[in-house]
Amino acid sequence: MTGNHTTGEPAGPDAGLSAIRRLYEDVTMALQTMPDLQQAFGRATRLADDLRKMADGAALTRAKVAAQIHEAEDLSLAGLATKLGMSKARANQLLKAARNR
């Protein structure tokens, strides 16, 4: 991982998530203050569509990581569910989602 060249902090998922949140706040503020409201609406629609796609991708990543934990630690379905703090049914859904993609 490389460091943040402006703060010296290490880069990584937490830094990336913070950056995404800041960008989201900046974009939504810009959209809400655009003088052309029709154009703002169109761009806000695109933003919502793109965010949905990203959320779907994040959910798939979560499922794949759950599957990696399941395999790496040789856990039963019940063991995986306990480790991740969810029901066996939900853990099974994650594993199926990871296998199907």
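Please read these numbers as outputs of a predicted model, since none were measured by experiment.
In this structure a side-chain-to-backbone donor-acceptor pair under 3.5 Å is missing from Thr82 to Gly79. In this structure a side-chain-to-backbone donor-acceptor pair under 3.5 Å is missing from Asn92 to Lys88.
Atom CZ of Arg99 has more than 12 neighbouring heavy atoms from other residues, nucleotides or ligands inside a 6.0 Å radius. Heavy-atom neighbours of Glu71 CD from other residues, nucleotides or ligands within 6.0 Å: at or below the threshold of 12. Residue Arg62 places its CZ atom among 12 or fewer non-hydrogen atoms of other residues, nucleotides or ligands, all under 6.0 Å distant. More than 12 non-hydrogen atoms from other residues, nucleotides or ligands lie less than 6.0 angstrom from CD of Glu73.
Using a 4.5 Å cut-off on side-chain heavy atoms (C-beta onward), Val27 and Arg43 make no contact. Inter-residue side-chain proximity for Thr45 and Phe41 is flagged as met; some heavy-atom pair is nearer than 4.5 Å. Within the 4.5 Å cutoff, side-chain heavy atoms of Leu80 are placed close to those of Leu84.
The heavy-atom pair separating Ala97 from Leu60 by the smallest distance is O-CD1, 3.9 Å.
To the nearest 0.5 angstrom, Leu31 atom CG is 9.5 Å from Gln39 atom CD. For the atom pair CG (Asp74) and CD1 (Ile69), the distance works out to 14.0 Å, reported to the nearest 0.5 Å. To the nearest 0.5 Å, atom CZ of residue Arg21 and atom CG of residue Asp26 are 14.0 Å apart. Remark: Arg22 CZ to Leu17 CG distance equals 10.5 Å, nearest 0.5 Å. If you take CG on Leu95 and CG on Asn100, they are separated by 10.5 Å, rounding to the nearest 0.5 Å.
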* In sequence, state the C-alpha distance, the side-chain angles, and the governing distance for Lys83 and His70, and then conclude on side-chain contact (heavy atoms from CB on, under 4.5 Å). => CA-CA 10 Å; Lys83 182 170 190 80; His70 181 250; over 6 Å; no
* To do: Begin with the C-alpha distance, continue with both residues' side-chain angles, and end with the deciding distance and a verdict on side-chain contact (heavy atoms from CB on, under 4.5 Å) for Tyr24 and Leu47.
  => CA-CA 9 Å; Tyr24 170 77; Leu47 172 65; 4.2 Å; yes
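We find that Asp49 and Arg46 are not joined by a salt bridge, their nearest charged nitrogen and carboxylate oxygen being 4.0 Å or further apart.
By the rule that hydrophobic residues join a cluster once side-chain heavy atoms approach within less than 4.5 Å of another member, Val65 and Met54 end up as members of separate clusters.
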